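Below you'll find the structure, written out as structure tokens, and then a few comments.
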There are 2 protein chains.
Amino acid sequence: MELSDLKVFLAIAEERNISRAAERLGYVQSNVTARIRKLEEELGLPLFYRHPKGVSLTDKGVTFSEYAKNILNLSEEAVQVVKETEFPSGPLAIGVVDSVTCLDFMDTLAEFQRRYPDVSLSIWSGTSSDLLTKVLDHQLDGAFVIGEFDSPHLVSEHIQREELTLVTSSHMRGFPDLSLTRWAVSPAGCPFRRALEAWLRSEGVSFDNIIEFSSLETLIGCVRSGLAATLLPASVLAGDYSAFGSFPIPEQYRYTQTCLIRRKDRYSSKAFVAFSKLIVDSMAV
Amino acid sequence: MELSDLKVFLAIAEERNISRAAERLGYVQSNVTARIRKLEEELGLPLFYRHPKGVSLTDKGVTFSEYAKNILNLSEEAVQVVKETEFPSGPLAIGVVDSVTCLDFMDTLAEFQRRYPDVSLSIWSGTSSDLLTKVLDHQLDGAFVIGEFDSPHLVSEHIQREELTLVTSSHMRGFPDLSLTRWAVSPAGCPFRRALEAWLRSEGVSFDNIIEFSSLETLIGCVRSGLAATLLPASVLAGDYSAFGSFPIPEQYRYTQTCLIRRKDRYSSKAFVAFSKLIVDSMAV
DNA sequence: TGCAAGCATCATTATTATTGATACCGAAAT
DNA sequence: ATTTCGGTATCAATAATAATGATGCTTGCA
């Protein structure tokens with residue numbers, strides 16, 4: 001049994017299809033078939049059920065896949081750790097919730113690239129829970145998410161407290177009538193949306209006059225044009241204050257936390273440490 | 001990088017000598033040299049210093065070897081877990097301190113073999129600290145040791161409280177004069193010896209009139225012949241009471257604990273669980 | 001009945017690992 | 001100084017293994 005066998009195995013397990021796994025791995029189907037059969041023979045048991053439309057893991061296969069993931073993660077970490085130089089370098093994958101990408105966060109990124117040109121930084125954006133999954137799955141070194149997350153595998157560091165405001169178009173004058181307002185929101189799971197829901201519920205206002213946006217840019221565009229209002233950190237409006245009206249909301253719902261999360265058991269590369277330090281410093285200003 | 005590369009790497013690291021590692025692995029030296037060089041090239045850094053009399057790990061090599069061990073342990077565990085059948089089977093390596101091997105422990109072993117013939121049991125004996133090391137090193141599934149051990153990687157289960165007695169030959173009559181007694185002891189590190197030392201110190205008796213035995217059998221033989229006295233659990237004398245005199249010692253030094261230790265993070269096979277259950281039950285009687 | 005999608009098989013080829021012979025290197029012995 | 005010894009490195013030849021491409025087999029579905 002070799003690490004490459006585990007990679008092949010996991011590819012099949014994820015694709016639930018040998019042909020697709022072969023394609024993904026850049027091999028030919030017969031090869032992948034042969035390898036997985038060899039592995040099964042070596043273990044003396046089937047890892048997959050074969051059905052006409054693909055394959056699926058047996059119980060033992062499920063168990064084995066957990067081990068396989070751990071083993072491969074560990075082997076990657078070993079290589080990374082040992083290759084690491086004194087100066088931050090190598091790949092660094094960071095997740096950022098959409099709402100943060102609008103901040104002067106971008107400036108900080110540029111600064112990071114300038115200081116540490118040997119780090120190849122890749123930024124993923126997504127919802128907090130997407131990013132959470134990716135961090136737990138070793139697909140990201142760390143992520144900036146909104147809200148508190150509690151997992152035995154994570155550590156999180158508070159980066160910044162954001163102040164949510166009720167944002168409207170500047171065409172509308174003054175604090176709107178909540179019950180008559182149409183709301184622009186992110187898909188379910190977004191902490192801003194949850195805060196909005198909680199607030200409106202406490203005001204006794206129903207929450208069905210909503211439009212959902214998967215992209216924050218579009219959402220903001222919609223608010224700017226006066227189609228709807230929303231709840232966002234004022235900082236997201238990126239200085240374009242003249243186009244918007246911004247109103248405080250009750251203190252109970254006003255604050256959200258941006259946290260940097262990472263896996264407890266994952267080795268923090270020099271690049272990661274440098275990155276998180278730079279972010280914390282720049283946020284503190 | 002493959003698991004076999006890690007095995008080659010670790011063999012060299014342990015032997016500190018490529019030729020010996022090759023021999024141990026059943027390869028020819030040039031092959032092992034080539035493989036390790038290929039691995040080093042892949043990592044882009046040397047794992048070993050070469051000197052005229054062999055090789056030694058670089059700093060990075062030390063780091064890498066820690067990962068390599070973990071990865072290989074995990075991969076072995078993966079195979080073992082997945083191969084495991086409903087009924088206990090497979091290899092089971094247990095360590096037992098010398099002093100326990102004399103008990104009716106052997107009967108329990110025989111019973112275990114009878115009940116679970118598919119388990120290939122191997123018993124290692126040694127001192128408590130030897131066994132401790134082997135358990136931590138994944139060389140043993142578990143071990144019976146005397147005394148309390150505290151390691152974040154271990155869990156231990158109390159099996160039995162042993163009562164230490166002052167053992168003399170039946171030739172000598174009555175409680176001996178401690179200051180005139182010659183003592184037969186196990187090598188340093190044995191908990192019985194430590195207890196004896198502590199007791200004698202508290203009595204103000206010096207502890208230099210000693211003979212060391214590496215084998216408990218020989219030690220007991222020596223005591224039987226009247227050459228020396230010692231401190232042992234009465235149970236060790238194996239029913240041969242007529243040949244010995246046995247005297248209680250102060251309560252403070254009288255008791256030792258036999259514990260079953262195992263690694264916290266190690267998967268407990270069905271065989272191990274069955275074994276430890278059988279032992280606990282048989283001790284409870 | 002005839003696809004189409006998917007896994008299995010197999011002969012062939014490409015790649016990689018292993019060997020065995022030999023070169024090399026430094027330390028210790030002569 | 002020279003040899004010898006215990007070790008690693010190199011390299012051409014060979015053995016073993018992995019990958020390919022073509023084809024066969026099964027099943028669900030139209």
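Quick note on labels: first sequence line is chain A, next is B, and so on, each numbered from 1. Quantities reported herein were computed from a predicted structural model and do not represent experimental measurements.
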Practice prompt. Quick one, give me the B/S/- string for nucleotides 18-30 of chain C, reading 5' to 3', where B means a protein heavy atom under 4.0 Å from the base and S means that only happens at the primed atoms, P, OP1 or OP2.
Written response: BBBB----SS---

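Here the P atom of nucleotide dG7(D) and the CD1 atom of Ile36(B) are 17 Å apart, to the nearest Å. Atom C1' of nucleotide dA18(D) and atom CG of Leu25(A) are separated by 14 Å, given to the nearest angstrom. As rounded to whole Å, 11 Å separates atom P of dT10(D) from atom CD of Glu41(B). As a whole-Å value, the separation of Glu23(A) CD from dA19(D) C1' is 16 Å. To the nearest angstrom, C1' of dT16(C) lies 12 Å from CG of Asp5(B). Atom NE2 of His51(A) is separated from atom C1' of dG6(C) by 12 Å (rounded to the nearest Å).
Across every non-hydrogen atom of Ser156(B) and Ile261(B), the tightest pair is CB-CG2, 3.4 Å. Pairing each heavy atom of Ile146(B) with each of Ser128(B), the nearest pair is N-OG, 3.2 Å. Here the closest non-hydrogen pair linking Pro88(A) and Ala271(A) is CB-CA, 3.7 Å. Here the closest non-hydrogen pair linking Lys7(A) and Leu25(A) is O-CD2, 4.5 Å.
Here Lys38(B) reaches the OP1 or OP2 of dA17(C): one of its side-chain N or O atoms lies under 4.0 Å away. Under 4.0 angstrom from either OP1 or OP2 of dG7(D) there lies at least one side-chain N or O belonging to Asn17(B). Between dT10(D) and Arg37(B), a contact under 4.0 Å exists linking OP1 or OP2 to a side-chain N or O.
In terms of modelled atom types and a separation under 3.5 Å, the side chain of Lys69(B) and the main chain of Asp137(B) share no donor-acceptor contact.
At the heavy-atom level, Ser19(A) lies under 4.0 Å from the strands shown only through sugar-phosphate atoms.
Applying the side-chain contact (heavy atoms from CB on, under 4.5 Å) criterion to Thr133(B), with sequence neighbours excluded, gives no partner residue.
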